[in-house]
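Data block below; observations after.
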Amino acid sequence: MKTKLVTVIEEDKQREVLPEAGKILQEGGLVAFPTETVYGLGGDALNPDSSRKIYAAKGRPSDNPLIVHICCMEDLEPIVQEIPEAAKKLADRFWPGPLTMILKKTEKVPYETTGGLDTVAVRMPDNPIALGLIRAAGGYVAAPSANISGKPSPTLAKYVMEDMDGRIDMILDGGTLGIGLESTIVDLTGEMPEILRPGYITKEMLEEVLGKVETDKTILSLDSKTPPKAPGMKYRHYAPSGELTVVCGSQEKVVEHINKQLEKACLEGKRTGVICTEETKELYKADFVKSAGKREDEAKIARELYRILREFDDEKVEIMYSEAFDTAGMGQAIMNRLLKAAGHHVEYL
Ligand code: AMP
Ligand code: MG
């Protein structure tokens, strides 16, 4: 299959290309597109064949459900059994935006899309290209991140191309993205709202709207044996090809320890890399030292993380170390992705 790559940053270009991209989706094809979080791999969410194709293109296990993307509130009703008060409040406050809600599905949504579950994950993305595409496609676009399963999610179209060239019909290049980590997922089907995947919308932000919110305990746990409640969170994810270790401790100790490990790796002839912050970037001796930004600027760290992991792949880095980050606020999402990228290799000093 020939994959068409189109840059749609200009509004004129969007007007020209979105109807064509929407038609591809309506006819059962696949189109990758930008959202405010990461690039998504879109197919018609109400067409079981499209969902099957998404799993095949990504090499994703088919028990890992897809998020259904909508472009307006009126389109929520037909796909869910009820819209609980909590969902209305959250949509009011955070949609369009990086929040996915789990609700009870209607028959309209095929099991191929929900990985066999009776619930459906729904989100309204905050990106004009995404919203235009969803409208042009008929209202419902299933879209996981547009990467080969297990790799870091793409935050640039060139990484979508790297993974998906020849596997899908079209890639819409919308330039760089605002957030860079996947949406927060909150389950609204139980007694108490529960966060299944942390993201840009934090527990504190949700609690401001809903009162008490729980968090799936496995999110930051180091034991990878208890399965998380979002089926997809159990898989190794976001991972670079080399071996990544996260090191926790005081700045001084972390720098000293990582440098010692780097020296060993270097003697073994390995290519090395470090993920650090502006505060420490001059202190490391690795082949590639990458700062994700200032320690206090969590939004920037979130935006940079996947790009850095992908660059390490481009540079064929074999041994990587990363500083740990605070787990308050957005830091929880950053550490959750980093721990998964590291396959839970963590060292405490
Ligand atoms: P991705 O599409 O790569 O952003 O991953 C979607 C995430 O949403 C995966 O971790 C899924 O397991 C999770 N998810 C989607 N639908 C549901 C659902 N109905 N219940 C629980 N988790 C879900
Ligand atoms: Mg993904």
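Both counts, for ligands and for their atoms, begin at 1 and track the order of listing.
Counting atoms of ligand 1 from 1 in the listed order, those under 4.0 Å from a heavy atom of Thr119 are 18 (C), 19 (N), 20 (N). Residue-ligand proximity, Ser145 to ligand 1, at heavy-atom distances under 4.0 Å covers atoms 2 (O), 3 (O). Short contacts between ligand 1 and Leu117, defined as distances under 4.0 Å to a heavy atom of the residue, involve ligand atoms 18 (C), 19 (N), 20 (N).
Relative to atom 6 (C) of ligand 1, the option among Glu182, Arg60, Met101, Lys229 with the closest non-hydrogen atom is Arg60.
The closest protein non-hydrogen atom to atom 18 (C) of ligand 1 is Ile102 CD1, 3.5 Å. Of the protein's heavy atoms, Pro231 CD, 3.4 Å lies nearest to atom 22 (N) of ligand 1.
Checking Glu311 against Tyr306 by side-chain atom types alone, no donor-acceptor pair falls below 3.5 Å. A donor-acceptor contact closer than 3.5 angstrom links the side chains of Asp314 and Tyr159.
Contacts between Asn64 and ligand 1, counted as non-hydrogen atom pairs separated by less than 4.0 Å, involve the side chain only. With a 4.0 Å heavy-atom cut-off, ligand 1 is reached by the side chain of Ile185 but not by its N, CA, C or O.
Sorted by first then second residue, the side-chain hydrogen bond (donor to acceptor under 3.5 Å, both in side chains) pairs that include residues 109-136, not counting sequence neighbours, are Thr35-Arg123, Glu36-Arg123, Thr37-Arg123, Ser51-Thr113, Arg52-Glu112, Tyr111-Asp118.
The salt bridge (Lys or Arg N to Asp or Glu O under 4.0 Å) test with Lys300 singles out one residue from Glu296, Glu304, Glu298, and that residue is Glu304.
For Phe288 and Phe312, the ring centers sit 6.0 Å or farther from each other.
Applying the 6.0 Å contact sphere to CD of Glu204 captures more than 12 heavy atoms from other residues, nucleotides or ligands.
Within the protein, the number of N, O or S atoms lying under 2.8 Å from the Mg ion (ligand 2) is 1.
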